[in-house]
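Structure record follows, encoded as structure tokens.
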Amino acid sequence: MHSKVIFHIDVNSAYLSWEATSRLQNGHSLDLRTIPSAIGGDVDKRRGIILAKSIPAKKYNIKTGESLMEAFKKCPDLKVVPPNYDLYMQCSNAMVHILKDYSPFIQRYSVDECFLDYSNMDEHFGSPVQAATTIQTRIYNALGFTVNIGISSNKLLAKMASDFQKPNLVHTLFPEEIEKKMWPLPIGDLFMVGKSSAKKLLNLGIYTIGDLAKSNPDLLYTHLKSHGLLIWNYANGMDHSLVSKESDPVKGIGNSTTIPFDVEDEKTAKLILLSLCESVCMRLRQSNLSSELVHIKIKTNNFHSYSHQKKLLYGSNITHTIYQEVCLLFDEVWDKEPIRQLGVRVSNLNASTKEQLNLFDTTHKEKLQRLDDSIDSIRKKYGNEAILRGCFINAPIKPFVGGMPTKDYPIMSSLL
DNA sequence: TCTGGGGTCCTAGGACCC
DNA sequence: TCTGGGGTCCTAGGACCC
């Protein structure tokens, strides 16, 4: 009847569930999911926002993205725990490992969300709802956390369905159910309708997803350009994107950091930029890529952001080279306002080849490249802070800033 | 005492070329 | 004195996602 059957698997309150599960496995008796709790950053380091919350915390109207201070005002007893990204990656991998038993077509959409193509699989694991229920139970029994699973004939509808009532539920949203299940929802619930689009739509008298579906696409184009047509299609349940096994090639690599204090001098700013370049360039090299476009971003202490970018004549992944370009960009654009956050990003990526180094200055560049290679291998062996540039000694700056998605974690069950 | 960090895609405006 | 239009590339900024 349905040509395709797509599942969207979404971990309920992922960071918080994973932390709760991990604590139970490590002998804690309290389940964080049963009390008002949240995963949050460090207030002292000016990173104090809510990253995830428990369902009891949700009842206090605590929202992801708001500051811890606001959250404490709503719920003084809120239990806040710092994030642990390594744990999240392990849990995510363990879940995918299970999902692979039910279809070869799985797309990791984020650390806590997957699409799975269940088309023509009924004879193996039963009807879509039966299979989804089986998957849910297996994940809970093996790994200790709950997921919502949305089922439909395309990815958009499956994703919308997994967002219905939570936790630990399976929902369908086939095209014939759109009118009843999706159209009454407020416009902001639609995938790809954020704050800004919602505001424009409200001004046009469009309040629900149904209103949007029935609106005139020409009008939408006038006010929201191509994005208007995209969300009109979504409101009508139309999406033809495929569950893609291979993850898209990386388009860019970046790291940014909020500094615990306002930076008012060039020297400190450049130290931070160097530490960002260290992590960005190491990631570049690990992917065997080089970059032809370097980009920096500055956020001031009053939250004004601006950026600057530059094309390179030749691709590079050498820390020293990228750092020099970053410094030039910084000098060209910094307006001397106190800095809260700095970011470095590289894009226009190509497979790195050593040939481009032969054009000129060969010995110098080869030396730098060998330096990077040795630093990389030391860090790989002994950790990112095992080796650091002399300028970081006695400086109040971490010599290596930035998260790196780490691969090849053992699956979780082997840790339990 | 406010307000993270990792991404992708789109658009407007200017430069430049024919 | 007036005054084309098509195309591409580049940049900065904004919107959206998790």
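Lettering follows sequence order; numbering is per chain, from 1. None of these values were measured; they are calculated from a predicted model.
For the OP1/OP2 pair of C:dA12 and a distance below 4.0 Å, the side-chain nitrogens and oxygens of A:S307 include no atom meeting the criterion. Distances shown here put a side-chain N or O of A:N255 below 4.0 Å from the OP1 or OP2 atom of B:dG6. OP1 or OP2 of B:dG5 has at least one side-chain nitrogen or oxygen of A:Q341 nearer than 4.0 Å. An OP1 or OP2 oxygen of B:dT8 is reached within less than 4.0 angstrom by a side-chain nitrogen or oxygen of A:R345. Contact between the side-chain N/O atoms of A:T258 and the OP1/OP2 oxygens of B:dG5 is found at a separation under 4.0 Å. The phosphate of C:dG13 (OP1 or OP2) has no side-chain N or O of A:S305 nearer than 4.0 angstrom. Distances shorter than 4.0 Å separate none of the side-chain N or O atoms of A:H308 from OP1 or OP2 on C:dT11. For A:R47 and B:dT3, the shortest distance from a side-chain N or O to OP1 or OP2 is not below 4.0 Å.
Residue pairs meeting the salt bridge (Lys or Arg N to Asp or Glu O under 4.0 Å) criterion with at least one partner in residues 254-265 of chain A, sequence neighbours excluded, are A:R46-A:D262. Among residues at least two apart or in separate chains, there is no side chain to side chain donor-acceptor pair (under 3.5 Å) pair with a member in residues 218-230 of chain A.
In this view, A:D77 satisfies the side chain to side chain donor-acceptor pair (under 3.5 Å) rule with no residue, not counting sequence neighbours. Judged as a side chain to side chain donor-acceptor pair (under 3.5 Å), and not counting sequence neighbours, A:N168 has no contacts. For the ring pair (Phe, Tyr, Trp, His ring centres under 6.0 Å) test, no residue two or more places apart in sequence or in another chain qualifies with A:F105. For A:K74, the side chain to side chain contact (heavy atoms under 4.5 Å, CB included) criterion is met by A:N61, A:I62, A:E66, not counting sequence neighbours. With sequence neighbours excluded, the residues forming a side chain to side chain contact (heavy atoms under 4.5 Å, CB included) with A:V43 are A:L68, A:M69, listed by chain and number.
In B:dT1 the O4'-C1'-N dihedral to the base is within 90° of 0, which defines a syn nucleotide.
Rounded to a whole Å, the CG atom of A:D42 is 13 Å from the P atom of B:dC2. Put simply, NE2 on A:H223 is 17 Å from C1' on B:dT11, counting in whole angstrom units. Distance, A:K299 NZ to B:dG6 C1': 13 Å, rounded to whole Å.
Here the side chains of A:F7 and A:P128 are in contact, with some heavy-atom distance below 4.5 Å.
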Using a cut-off of under 3.5 Å, enumerate the N/O to N/O pairs linking the protein to nucleotides 15-18 of chain C.
{"from": "C:dC16", "atom 1": "OP1", "to": "A:G194", "atom 2": "N", "distance (Å)": "3.2"}
{"from": "C:dC16", "atom 1": "OP1", "to": "A:S197", "atom 2": "N", "distance (Å)": "2.6"}
{"from": "C:dC16", "atom 1": "OP1", "to": "A:S197", "atom 2": "OG", "distance (Å)": "2.5"}
{"from": "C:dC16", "atom 1": "OP2", "to": "A:K195", "atom 2": "N", "distance (Å)": "3.4"}
{"from": "C:dC16", "atom 1": "OP2", "to": "A:S196", "atom 2": "N", "distance (Å)": "3.0"}
{"from": "C:dC17", "atom 1": "OP1", "to": "A:M192", "atom 2": "N", "distance (Å)": "2.8"}
{"from": "C:dC17", "atom 1": "OP1", "to": "A:V193", "atom 2": "N", "distance (Å)": "3.4"}
{"from": "C:dC18", "atom 1": "OP1", "to": "A:K159", "atom 2": "NZ", "distance (Å)": "2.7"}
{"from": "C:dC18", "atom 1": "O3'", "to": "A:S110", "atom 2": "OG", "distance (Å)": "2.5"}
{"from": "C:dC18", "atom 1": "O3'", "to": "A:D112", "atom 2": "OD1", "distance (Å)": "2.8"}
{"from": "C:dC18", "atom 1": "O3'", "to": "A:E113", "atom 2": "OE2", "distance (Å)": "3.2"}

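Counting only distance, with no hydrogens or angles, the side chain of A:D10 and the backbone of A:E113 share no donor-acceptor pair below 3.5 Å.
With B:dG5, B:dT8, C:dT11 as the candidates, the nucleotide lying closest to the side chain of A:T257 is B:dG5. Each of B:dC10, C:dT11, B:dG5 was ranked by its minimum atom distance to the side chain of A:S226; first place goes to B:dC10.
Stretches of at least 3 consecutive Watson-Crick or G-U wobble pairs, with each checked distance under 3.5 Å, appear in DNA chain B as B:5-18 with C:5-18.
Residue contacts for A:G65: at a heavy-atom cut-off of 4.0 Å it reaches no nucleic acid atom on any strand shown.
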